[in-house]
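Heads up: the structure comes next, in structure tokens.
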Amino acid sequence: MRDLSAETFRQHLLEKYSLPARARARVETSANSTLTRPLRELWEATDLSAAEFADEVSDYFGAVRLGLPQLLAATACLDGFSRRFLRESTIFPLRAANGGYRIAVADPSDTAAIRAAEIVFGEPVEVAVASFEDITTVLDQRIAADGAADETVKGASAQSDDDIESLRDLASGAPVVRALNDLLERAVELRASDIHIEPFRTGLVVRMRVDGLLRALPPPSGIPPQALISRVKILAGLNIAERRLPQDGAARVRVSRAELDVRVATMPTQAGESAVIRLLPRDRGLLEMSKLGLAARDEKTMSHLLTLPHGMIVVTGPTGSGKTTTLATMLSILNEPTRKILTIEDPVEYEIPGINQSQVKPSIGLTFASAMRSFVRQDPDVIMVGEIRDAETAHIAVHAALTGHLVLTTLHTDTAAAAVPRLIDLGIEGFLLKSTLRAVVAQRLVRVLCDRCKVPHALSKDDIDNDPRFAVIGFKAGEVVHEAGGCERCGGTGYRGRNGVFEILDMSDEVRKLIGPQTDSHSIDQAAMAGGMTTMLADAVAKCRAGVTTVPEVFRVTTVR
């Protein structure tokens with residue numbers, strides 16, 4: 001094997017591949033990495049799959065290439081190695097065909113890991129190359145087997161080694177692998193954001209969240225629920241032997257020629273483990289303000305807010321209301337070489353080149369609050385904190401805005417006006433809010449009518465009389481609304497895609513006067529509307545009149561106030 005560095009391999013990739021501009025920029029940026037696993041970061045920066053990247057590494061470094069079947073069939077030699085060391089170094093020690101020792105590595109330039117293996121074995125080792133994903137999978141299976149054996153010996157688990165081994169074999173079999181791949185492909189075809197796999201006593205239930213609503217699908221036939229859940233856990237690098245505790249993991253998969261980042265969360269239930277797979281396409285399209293659905297007046301207000309040098313802008317709404325997309329769009333607009341931008345998120349859903357993005361890890365003490373304390377020492381211009389969940393994070397965010405930073409964050413409130421008393425409830429003094437809070441953006445997502453099958457309908461007097469909702473939002477007889485039809489393009493639902501409905505509470509002088517210990521959201525709401533604020537309901541009705549959505553959608557996501 002040639003003794004070459006990660007840097008020379010990086011140059012080789014740039015010379016060999018005509019990478020897209022965004023991927024090329026990520027690869028070039030990885031040269032400045034201070035991480036201890038440069039090839040891992042280099043792979044994540046490219047658009048190559050794990051297998052394609054391993055093929056390139058094998059050819060360039062002149063090492064034998066091993067696939068997952070060969071790793072699974074090999075005799076593992078894990079004694080003497082720390083399980084944490086194996087996972088962090090991504091190496092798999094095994095017995096070679098000649099009776100000696102071999103290690104499968106994803107990064108042949110990691111000479112420290114190779115030397116450590118030689119010290120453990122007491123003799124030189126052969127070096128082979130396997131993909132990061134394959135080594136992670138085989139390590140998880142072998143380490144899970146060891147863990148299951150330990151639990152059995154201690155009497156802490158009723159499962160036997162044979163049960164785990166049989167389940168592992170079943171989960172790695174072609175029918176189960178094909179069933180999960182089919183579900184992922186179906187989810188991509190439907191533009192689903194989540195896959196819910198739920199075992200019940202009556203059988204397995206599979207649902208997918210499409211345009212914000214769950215849709216039931218036929219479950220894979222002939223596949224045991226435990227086997228399918230185990231396959232999901234193997235994919236995400238989770239412990240298949242642990243069924244008593246919730247687990248979280250992540251993976252990168254290629255589905256229908258598209259790369260997806262998936263987040264997996266499992267939860268023990270009465271009938272077995274359930275799993276939710278969240279799909280995050282790596283190429284999620286351009287983040288442009290025009291695609292959010294802002295009305296002309298609100299778009300002008302938002303553009304003005306992003307020119308402010310400091311202060312705090314809060315985006316509110318329930319889970320799944322599009323807050324992350326709005327924040328990512330704002331960051332993309334602010335993302336210029338003259339600005340340093342830091343984010344702390346849970347999880348990082350949009351990867352934006354040029355922005356320093358971090359993910360919370362409570363298990364090691366990296367929380368929103370601890371990250372924010374470190375951020376202010378990094379000389380940033382813009383700080384984005386994924387969510388204000390507690391008083392400590394709120395205080396640090398406000399003081400960061402007070403000391404010359406532009407702070408973007410989210411909060412869970414029903415309306416824009418309700419964010420003010422919520423922040424006061426978290427212990428923020430009124431005079432600080434008056435000085436730092438620049439605006440609150442509240443939003444929801446409505447489903448957009450399918451252009452091919454939406455049906456225009458002229459309202460009659462009977463329609464108005466029979467459905468009081470029309471009168472509540474100001475529709476009159478003779479006006480034209482559109483209704484959902486149903487065709488192959490939209491899967492028979494009549495809707496395809498979603499759009500935002502917004503209200504932007506700009507902190508005018510009239511609104512600031514109301515901020516104090518006894519602040520209530522109703523007074524702020526009335527003052528903002530008197531000052532010209534468009535409410536979410538009014539924005540949704542305008543989209544309904546424009547033929548973008550329907551009256552039932554308006555009332556599904558907004559409330560009359």
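This one's a predicted model, so the numbers in the text were calculated from it and none came from an experiment.
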With a 4.5 Å heavy-atom cut-off, do [X] and [Y] have their side chains touching?
X    : Y    : result
R243 : I229 : no
L213 : R447 : yes
T393 : L426 : no

Q) Does the side chain to side chain contact (heavy atoms under 4.5 Å, CB included) test come out yes or no for E553 and Y495, once each step is laid out? A) CA-CA 10 Å; E553 276 296 290; Y495 299 94; 3.7 Å; yes
Q: List in chain and number order the residues that pass side-chain contact (heavy atoms from CB on, under 4.5 Å) with T324, two or more places apart in sequence or in another chain; answer none if no residue qualifies.
A: E349, Y350
Q | With S508 via side-chain contact (heavy atoms from CB on, under 4.5 Å) - residues at least two apart | A | E510, V511
Less than 4.0 angstrom from a charged side-chain N to a carboxylate O is my criterion; do [X] and [Y] meet it?
X    : Y    : value
R244 : E242 : yes
K233 : E273 : yes
D211 : R191 : yes

Around [X], counting heavy atoms of other residues, nucleotides and ligands shown, do more than 12 lie under 6.0 Å from its [atom1]?
X    : atom1 : value
R452 : CZ    : no
E336 : CD    : yes
H457 : NE2   : yes
K340 : NZ    : yes

Q) Can any side-chain N or O of E503 pair as donor or acceptor with the backbone N or O of T415 at less than 3.5 Å? A)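 Between the backbone of T415 and the side chain of E503 there is no qualifying donor-acceptor contact (under 3.5 Å).
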Q | Residue pair E392, R373: steps toward the salt bridge (Lys or Arg N to Asp or Glu O under 4.0 Å) verdict | A | CA-CA 10 Å; E392 184 181 12; R373 280 195 297 270; 2.3 Å; yes
